[in-house]
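Note that these values count all heavy atoms, side chains included, but never hydrogens, waters or copies made by symmetry. Bear in mind the structure is a predicted one, so any value in this text is a computation, not a measurement. The sequence lines fix the lettering, A, B, ..., with proteins before strands; numbering per chain opens at 1.
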Amino acid sequence: MTDSAKPPGRFEIFNTLGRAVQQFVPRTEGVVQLYACGPTVYDYATIGNFRTFILVDVLRRTLDALGYQVRHVMNITDVGHLASDADEGEDKMLAGARREGRTVWDIAQFYTDRFFADADALNILRPDVVAKATDHIDDMIALIRRLEAHGFTYVAGGNVFFDVARFSRYGELALLDRQQLQAGARISVDRSKRNPEDFGLWFTRSKFEDQAMIWDSPWGRGYPGWHIECSAMAMRYLAEQFDIHCGGIDLIPVHHTNEIAQAEAALGIEANDPQRWVNYWCHGEFLLVNGAKMSKSKGNWVTIGQLQEDGYDALDYRYFVLGAHYRAHQNFTMRALDAARAARAGLVSRVAALARAAGIDAPGAVADGGHAHPAANEALAHAAHDLAMPRVLARLWQLVKSDSDDPECTLRAVAAIDRVLGLKLLQSAASALADDTRSDPDVDALVRERDEARRRRDFARADAIRTQLAAQGIELRDAATGTVWQRAAALPERDR
RNA sequence: GGCGCCGUACCCAAGAGGUAAGGGAGAGGUCUGCAAAACCUUUAUGCACCGGUUCGAUUCCGGUCGGCGCCUCCA
């Protein structure tokens with residue numbers, strides 16, 4: 001574990017606010033306050049969603065490995081939101097409920113559970129705080145009241161809006177030029193708004209008669225706008241001003257832009273104030289599927305569960321994601337996933353071989369070697385430079401392929417590197433080693449008989465036994481130390 | 001109309017102003033009764049194209065072509 005007496009290592013991260021890789025300086029020495037936008041739980045999360053959650057996880061692991069104390073907060077959006085401020089489209093939670101004939105509350109619980117099941121399979125660490133929007137309506141109302149007190153709101157058509165014109169820095173994060181935006185280019189604009197960019201803070205008017213999630217508020221019975229929850233919950237569980245806010249790149253132009261507006265307006269942060277609500281904004285690029293964006297609306301989305309049904313381990317997907325830099329597009333194809341699976345398997349088998357060489361039966365228990373090993377040092381340095389995970393992987397491969405006269409030391413370095421990668425390499429190697437000693441009376445008897453036959457050079461009989469076992473899905477390998485067997489991995493092939 | 005990103009071998013994908021990480025796949029080899037596994041070796045004088053800056057660019061600048069995305073919700 002990291003020596004907490006030492007100051008944290010240097011960390012650099014690309015800041016969307018400023019569009020440059022910057023040296024990370026936390027507000028409080030040695031402590032990182034991190035907020036990540038979580039899932040909307042009206043349907044399964046896609047592998048694209050999880051690309052971003054893996055980014056957050058890697059960020060958190062890297063900061064931790066560098067010696068920072070990280071406090072990680074994530075929201076669960078379990079309240080329905082309309083498709084636009086114009087009260088159009090459909091409420092996603094309601095749509096999910098209608099689709100499945102269940103209540104919105106059931107839907108939220110079900111998909112929240114599914115989300116964490118997938119996240120666990122991907123070895124994504126749980127945030128320190130998971131906050132549900134519906135548990136924090138009071139915090140949102142309090143924040144809206146603060147905005148109201150500062151004169152940043154107005155009521156129109158029964159709904160409370162944020163007045164963008166009052167916030168001069170509006171759009172800075174997204175480099176938006178308000179004059180050039182084609183408002184309503186793709187959707188119609190709510191006529192009651194003063195400016196097209198104004199966004200709802202609290203709605204009391206909805207076209208949905210069966211709106212199940214409504215609460216009392218100073219403005220009437222209704223429900224909160226889309227953006228207020230993250231700001232309210234981040235400020236509640238972190239501090240009013242904190243270090244890093246993460247999300248997908250698609251959140252930049254609207255969600256995060258609006259979050260900055262409402263939070264800085266509420267906090268009274270002036271336009272020329274160097275003190276920001278959040279100092280570092282970190283965004284993950286999109287995952288493409290066969291060259292095109294994956295989205296729920298297009299229907300070309302893939303879930304972790306689907307990959308598992310096809311015989312892949314969630315960690316194969318994690319390896320795939322780690323193979324590309326988080327700020328670059330990444331193209332998901334089954335062929336690329338196959339490559340990731342093969343690569344991860346190769347890594348695990350090399351780690352298992354190191355454990356054998358070191359005489360360690362349970363490599364899962366190997367403590368990481370701190371930063372004693374140069375390879376671990378270099379790998380961590382790559383991670384610390386804007387999360388260059390492809391370089392971390394390359395360094396790991398170099399380490400694992402090098403001849404080592406101290407396999408245990410190498411193993412400790414692997415453990416240290418995997419602390420950042422989160423690929424469970426040591427645990428996986430442990431189960432690979434367990435396979436070495438697997439036994440089954442019937443199979444063992446046949447294997448012994450075959451060995452006898454081979455000794456007699458009765459290869460016809462030996463091959464017959466091998467064929468017989470193969471029919472049962474058992475593969476034999478005649479290693480120098482004797483014959484070992486394993487069940488062939490069942491890998492249903494999907495059309496690709 | 002405005003804004004942003006990208007274009008590296010068969011595939012995925014790093015990269016830096018000084019001569020192309022890593023993985024997968026393929027090929028060759030070692031080993032083996034055969035096979036499998038494992039291991040070794042190997043695969044871009046080249047980084048979309050055209051100009052410019054430079055002693056030197058794939059890496060910087062400008063342009064062209066091509067792909068993707070945003071300006072509704074979406075990670």
Item to check | B:C60 to B:G7 separation - P atoms, rounded to the nearest Å | outcome: 10 Å
Checklist entry - Nearest nucleotide by nearest heavy atom, which residue falls closer to the 5' end of RNA chain B, A:A174 or A:T46? => result A:A174
Next on the checklist: Could you tell me the Watson-Crick or G-U partner of B:A20, where both distances fall under 3.5 Å? Say none if there is no partner.
Outcome noted: none
Next on the checklist: Between A:D451 and A:R454 (salt bridge meaning N to carboxylate O under 4.0 Å), is one present in this structure?
Outcome noted: yes
Next on the checklist: What is the distance, to the nearest angstrom, from the CG atom on A:L287 to the C1' atom on B:C5?
Outcome noted: 15 Å
Checklist entry - Rounding to the closest angstrom, what is the interatomic distance between B:U8 and B:C47 at atom C1'? => result 4 Å
Checklist entry - Using 4.0 Å as the upper bound for N to carboxylate O, is an ion pair formed by A:R461 and A:E449? => result yes
Next on the checklist: Could you measure the distance from the NZ atom of A:K132 to the CG atom of A:D78? Nearest 0.5 Å is fine.
Outcome noted: 5.5 Å
Checklist entry - Going by an N to O cut-off under 4.0 Å, is there a salt bridge joining A:R450 and A:D478? => result yes
Checklist entry - When every nucleotide of nucleotides 9-24 of chain B is labelled 5' to 3' by its protein contacts under 4.0 Å (heavy atoms), B for base, S for sugar-phosphate only, - for none, what sequence of letters results? => result -BSSSSS-----BSSB
Checklist outcome for this item: With sequence neighbours left out, the residues meeting salt bridge (Lys or Arg N to Asp or Glu O under 4.0 Å) with A:D120 are A:R126
Checklist entry - Could you go step by step and tell me if A:R327 and A:E285 meet the salt bridge (charged side-chain N to carboxylate O under 4.0 Å, His left out) rule? => result CA-CA 5 Å; A:R327 285 195 284 113; A:E285 249 298 351; over 6 Å; no
Next on the checklist: For a quick check, with a 4.0 angstrom heavy-atom cut-off, what is the B/S/- contact string for nucleotides 26-34 of chain B, read 5' to 3'?
Outcome noted: -------BB
Next on the checklist: Using atom C1' in both nucleotides, what's the gap between B:A16 and B:C74 to the nearest angstrom?
Outcome noted: 35 Å
Checklist entry - Could you state the NZ-P distance from A:K293 to B:U72, rounded to the nearest angstrom? => result 12 Å
Checklist outcome for this item: When rounded to whole Å, the CZ to C1' distance for the pair A:F286 and B:C68 reads 11 Å
Checklist entry - Counting only Watson-Crick or G-U wobble pairs whose two distances fall under 3.5 Å, which nucleotide matches B:U32? => result none
Item to check | Residue pair A:R318, A:D313: steps toward the salt bridge (charged side-chain N to carboxylate O under 4.0 Å, His left out) verdict | outcome: CA-CA 9 Å; A:R318 186 178 175 104; A:D313 190 301; over 6 Å; no
Checklist outcome for this item: Contacts of A:R327 and A:P253 projected onto RNA chain B by closest heavy atom; the upstream (5') one is A:R327
Checklist outcome for this item: Any strand, both distances under 3.5 Å, Watson-Crick or G-U wobble: B:A44 pairs with none
Next on the checklist: Does A:M294 form a side-chain contact (heavy atoms from CB on, under 4.5 Å) with A:L288? I'd like the steps, not just the answer.
Outcome noted: CA-CA 6 Å; A:M294 168 171 50; A:L288 304 177; over 6 Å; no
Next on the checklist: Could you tell me how far B:C6 sits from B:U59 if I compare only their P atoms? Round to whole Å.
Outcome noted: 14 Å
Next on the checklist: Is there a side-chain contact (heavy atoms from CB on, under 4.5 Å) between A:L411 and A:V351? Walk through the geometry before answering.
Outcome noted: CA-CA 7 Å; A:L411 224 41; A:V351 173; 3.9 Å; yes
Checklist entry - Do the non-hydrogen side-chain atoms of A:N195 and A:F161 ever get within less than 4.5 Å of each other? => result no
Item to check | Nearest-Å distance for atom pair CD1/C1', residues A:I249 and B:C6 | outcome: 11 Å
Checklist entry - Roughly how far apart, to the nearest Å, are B:G46 and B:U72 at atom C1'? => result 44 Å
Checklist entry - What is the distance from CD of A:E197 to P of B:C71, rounded to the nearest Å? => result 13 Å
Checklist entry - Once you round it to whole Å, what is the distance between C1' of B:G69 and CG of A:L251? => result 14 Å
Checklist entry - Can you tell which of A:Y317, A:F332, A:F115, A:Y44 makes a ring pair (Phe, Tyr, Trp, His ring centres under 6.0 Å) with A:F50? => result A:F115
Item to check | Touch class at under 4.0 angstrom, heavy-atom based, for A:L476 against every strand present | outcome: base
Checklist entry - Rounded to the Å, how far apart are A:H255 NE2 and B:U72 C1'? => result 15 Å
Next on the checklist: Taking pairing as Watson-Crick or G-U wobble with both contacts under 3.5 Å, can you name the mate of B:G66, or confirm there isn't one?
Outcome noted: B:C6
Item to check | Same-atom distance (C1') from B:G63 to B:U53, integer angstrom | outcome: 15 Å
Checklist entry - Roughly how many Å is it from NE2 in A:H256 to C1' in B:C71, rounded to a whole number? => result 17 Å
Next on the checklist: My understanding is that a pair needs two contacts under 3.5 Å, Watson-Crick or G-U wobble. By that rule, which nucleotide pairs with B:U59?
Outcome noted: none
Next on the checklist: What's the gap between B:C50 and B:G4 when it is taken at their C1' atoms, as a whole Å value?
Outcome noted: 24 Å
Checklist entry - How would you label the contact of A:M294 with the nucleic acid (heavy atoms, under 4.0 Å): base, sugar-phosphate, or nothing? => result base
Checklist entry - For atom C1', what is the distance between B:G62 and B:U45, given to the nearest Å? => result 27 Å
Checklist entry - Under 4.0 angstrom, heavy atoms only, what part of the nucleic acid is A:R455 near: base, sugar-phosphate, or nothing? => result nothing
Checklist entry - Across all strands, who's sitting opposite B:G1 as a Watson-Crick or G-U wobble pair, both distances under 3.5 Å? => result B:C71
